[in-house]
Each structure stands twice: as C-alpha cells, then as structure tokens.
Amino acid sequence: MNPISTTTTTTTTAPSAARFGLGAHGKDWLAFALIIAGFAALPLLGGGFTLYLGCIIIYFAIAALGLQIMVGFAGQLSLGHAAFIGIGAYGTVIAEQRLGLSFVPASLIGTLAATLAGLVMAQLIRLSGIYFKIATFGFGIIVHQVMTNWVGLTGGTAGLKGIQPIEILGFSFASRIWLYRLELGALVVIYALLLRLTHGRIGRAFRALGQNEAAARSIGVRTTLYRMAAITLGCAIAGFAGTFMPHVMRFVSPETFNWHESLVLLIMITVGGLASLPGAIIGAVVMIALPEYMRELAEYKMLAYGLLLIVCLTLMPKGVAGAVDGVWRRVIGRGA
Amino acid sequence: MNLAIQILSGLAVGCIYGLVALGFSMIFRAMGLVNFAQGDIMMVGAFLGYTAFLVLPDAPFLLVLLIAMAGAALLGAVIERLAFRPAVQRKADQIYLVLLTLGIGMVLSNGARLLWGADPVVYPTPLTHEVIMVASYPLPAVYLYILAIMPVLLVALHLFFRRTWLGLAMRGAADDPATAATFGVSSAAAATWAFAIASAVGALAGVLYAPITYVSFDMGIVGVKAFAAAVIGTLGSIPGAVVGGLIIGLGETIGAQFLATEYQDSIAFLIMIAILLVKPTGLFPSGART
C-alpha cells in the first residue's frame, strides 16, 4: 500500500471527505516531518539535562500517542492509563533482572504484558459510557496497588533499582545521546504507523466511534470490536513506552504510575488537542518541559496543570494543535 | 475486634461514601454529568469545618456543619456557573466535561494544599477523641452521629424532592428540560441548584468524616470509592447511592479480613466491577436520563 492509494479511497468513501481529504493528509505528514525534525535537532540545543528531558518527553509522547488514538479518536476515555506504562516498565525490568534477558526480548515481554492487561480491561466495554470510564479508573488503582504491595516481585514502594543500560546486538545504548536516538527511532516508527492507521479504514472507524457510537453502529461499524481494538492498542503502546522509562530514570517505583500520572497523560492530549496526533506530542512537550524549567514552582505544578486544563477546555477546546491549525488556515485563507 | 462493632464501623464509613455518592448521583441526574471533583468538594468542606472550629472554638458541632455546608454550596454554585454552564451551552462533548471536572478537582485539591498546607490536620473538637462503650467494646462516638444523621438527611432530601417547589422543579428540569422550560423552569438554574446541594451534602460528609481520619488536601480520594458506590447503586438513584455506600463500607471492613489490608483500597473496585459485570447499570432502577 502506498499513501496515494489510501488517499483516493479516503476521498471517495469518507463521509466528510472535505475535512479528512487530500489536503489533510499532506498537512499531517508535514506536521510529522516538522515534529521529528524538531526532536532530531534537540541534541544541538544542549547536552546533559536537555537530553535527559528529551528522553522523558519521548516516552511520554509515545504513550500519549496511544492514548490519543484511544481517547481522542475512538472516544474511549481511560482514567488509568499510567498503569499500563507501569506494566510495560515493570515487565521489562523484571524480565531483565529475573530472567536475565536482554532489552529487546524483555521489552517485548513488557509490551505484551501491557497488551494482555489492556485486553483484559477491554472486556469491560460491555459497560456503557460512563461505567467503562470508572472501570478503567478502578483497573488503574488495582494495578497500582499490586505494584505497591507485591513486594517480592516489584520491590514495593522502594521500587527496583540497578537497571542495566540497554544493549542491542552487542551495541550499548549506555550514553544518553544513544538512548535518545533509540527512543526517537521508536517514536518515528509508532508515529508513522499511527498516522497511516488514522488515515485508513480502521482510523475512520475509530473516528466514527468517537463522534457518535450509535451512528457508527448504524452505518455498519462493528463498534464492539473497534472499541476493544482501540483500547488494546492504546494500552499496548503505553506498555511499549513504559519499556524505555526505567532505562531513562534508572529505577521504577509505583508512585510514577498512580492516578495523577494518568491525569497528566489525559491533560497532555487535551492541551495538545484531542483527536490530533501532533497534539499528543505537543502536549507531552508542554507538560514535561515547562515544569522542569520552573523547578522552584514545583508546589504549584499540579495547580497549574489543573488551571491549564480548565483554561484549555473553556477557551481552546481544540488545544494547541487546533489553535495552530486555526492560524494556519487564516494564513492560507488570506493568501488565496 | 468484635464482629458487630466491625459491622457498625463499616456501616458508618459506608454512610460517608453514601453521602459523597449522593452528590455524584444528584449531579448526574440533573446534568447527565459525572463530577469527578465531588471528592475534592468533600475535602474542601472538611477544611471549611476545620477553619470554622479555629475561628469559633466554642461553636457547637451542628453550627460548624452548617457553616461548612453553606460554604461548599456557594463553591458548588460558582463552579457550575463559571466552568460548566459555558461548556454545556456550547454542547461540549462528554469527554470535555469529564476532563473539566478532573481539572476542577486538581485545582481544588492543590489550591487547598496552598491554603491549608500539605500536613494533615486533626479536628480540634472533643468529638474526635470521644469513645463510647458498646457491649464493652470501644466505638468512636462520631460513628453514632453519622448513623443518626444519615436517615435524617435522607428524609429531608425525600421531602425536598417531593414536596417543595424547588425540588419538583429540579426533578422536572432533569427529566424533561423542554417541558420544564414551558413551565418557567430553567434547566440551567436547576443545574446550579443541583451543584449547590450536592456540594453541601459533600461538605456534610467531609465534616462528619473528619473526626475519624485526618483532614488533608488529598482526602478527596475517598470520592473515588464513593463513585464506585454511586455506580453500584445506579447513577442518578438517591437510595441507590446510599445502599451502594453501605455495600462498599461493609465490603471493605469485612473484605480486609480475608484479603491483606494493603489491598483494602482495591476492594471497592473489585466489588464494583463484579456487580457491573452482572448488572451493567447497577443494582437499582435508573431514575436518570442516559
């Protein structure tokens, strides 16, 4: 399949071809190129701390992309998403330390564990609307309690330390710049895959689901199947993002995966702009970078997050990406 | 500990969950909205009571309760007017509204941390340490207050919704906004009242709960279990909220015996998920719009 063939099918079959048509595709790939170029240029800006932040931003950005598909596109709100990052992170570290595996198989195990957990949670979609949201919340709390209390496996509140650097085929990603490059590669792959997905048939089904579930069912979208697929995919990507996390932080502990972190993820995609892939990444940058450069205001961080969320929802419901898009349209409009 | 005492304390804590759950159900019925800030409103109510105790050291418990409830009612009304009404009028998506309540919860809990500090405080009232003997077992006196106030509140709410003009107007606006409007009932005003009353009930829960536990900016997490309670009893149903609260309260105290106590916070959700899998909309007939 090449992008052009998907483009034509989209324009002929999508009900709102004008909105998701030819122009939007090119613009989405342009945004993709710009964002990846920005990340690639980051090491030029500074070393040490900037790179470390960059590493954190990227795994959050990957997780936020997954959540964006699930929440922004398919409309399946999850209030426990941090738990799946946690499953990926713990799964990887436990596989590395207990089974003596290297990063690639360990990361596969971590991602698979998160995927399976997501599949289990997806069984709860028999619950309609709001009841499902609560179930995701409860799921997150239960996973967090297991992480905190299964001391033998997870090290309890102290967490797990002594994490070895990533090594793939004998090449060590011990230095921060190489870890950053590895993560960036993962981001490119996930972003590109999701970009293809959102432009294709599955993406349209997700969008239909997110906009009006009853209408989607009436035009023949198999809503149950697609809801489950969106949830499992979102959780799998969160787990994959989580496999990098311990290697950046050099430890894992439960409080990184509590319900506040799930909220932070939701704020990321909202601030960036719901149903926008670049929005998820912009949100991750805003939410991670800003507070790090305002360390002395740490006490106000969560308050600021809350206010930011309220302001975005009331004044800028399409998020930063929507605002940028609006400016872009105005510029184009004047030119024409 | 004696089983009867355990059941009694489970019921008392269950009443607290039930009171917060009432707030969830009322707002859900009025606006079709789950207000995730409900637990944080309870927390603010508890702190308002704390401040009232500091300012008026000799005030009777009942007066403090009323002050906290009035303050929370005002807060609830302001939140509805400033944050929700614009979003509802814009016909914003459910997801936006849910996220909005989450944001308000964060602002309330972290605002409270700035105002009242990060350290937990204890209610400066004799009630906090008062213990009475029931069948030669000690029981905190506040449990009896809770068990006594709950039925009074339920009767009051029942009469309010069946006998008063405002209560009937609110029910009308919740069930059929268009018809209610032709009788001069504004559904927006009804929503403001729903928020105010739900917040006042939340503050009641906070002030009653405070002597049992510490008051701190993060005690709003109780709202999470209360939410499970509201869901078990079917969102929108007032008796359901109370029964759901009692189920969670009892389930927790009894479940903690069989499970490790560290997992106590999971019990509410295990009960909730189990019940939802059998009855996907909760145990009670729904009185709410969907």
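Letters A, B, ... mirror the listed sequences (proteins, then strands); counts begin at 1.
- Few gaps surround CD1 on B/Ile212; more than 12 heavy atoms of other groups in view lie less than 6.0 Å from it.
- Heavy atoms closer than 4.5 Å to chain A are found in both the backbone and the side chain of B/Tyr96.
- With a threshold of 4.5 angstrom between heavy atoms, A/Leu309 approaches chain B through side-chain atoms but not through N, CA, C or O.
- Interface remark: of the candidates A/Ile267, A/Ile141, A/Leu77, A/Ile141 forms the most heavy-atom pairs closer than 4.5 Å to chain B.
- The neighbour count for B/Trp116 CH2, taken as heavy atoms of other residues, nucleotides or ligands under 6.0 Å away, is above 12.
- In this structure, the separation between CG on A/Leu263 and CE on B/Met106 is 5.5 Å, given to the nearest 0.5 Å.
- With respect to chain A, the highest number of heavy-atom pairs below 4.5 Å among B/Ile273, B/Val34, B/Val98, B/Leu99 belongs to B/Leu99.
- At a threshold of 4.5 Å between non-hydrogen side-chain atoms, the residues B/Asn110 and A/Tyr305 do not count as touching.
- When B/Gly105, B/Gly111, B/Gly103 are compared by the number of non-hydrogen pairs under 4.5 Å with chain A, B/Gly103 comes out ahead.
- For a residue to count as touching a neighbouring chain, one of its non-hydrogen atoms must lie under 4.5 Å from one of that chain's; by this rule B/Ala87 does not touch chain A.
- For B/Leu100, the parts lying near chain A are the backbone and the side chain together; criterion is any non-hydrogen pair under 4.5 Å.
- In this structure, NE2 on A/His260 lies 6.5 Å from CD1 on B/Ile221, to the nearest 0.5 angstrom.
- Residue contact with chain A, scored on non-hydrogen atoms closer than 4.5 Å, involves the backbone and the side chain of B/Ile104 alike.
- Neither the backbone nor the side chain of A/Leu308 comes within contact range of chain B, judged by heavy atoms closer than 4.5 Å.
- The NZ atom of A/Lys133 sits 9.0 Å away from atom CZ of B/Phe227, with the distance rounded to the nearest 0.5 Å.
- Considering only heavy atoms from C-beta on, B/Phe269 comes within 4.5 Å of A/Phe137 through its side chain.
- Atom CG of B/Leu102 is separated from atom CG of A/Leu266 by 7.0 Å, given to the nearest 0.5 angstrom.
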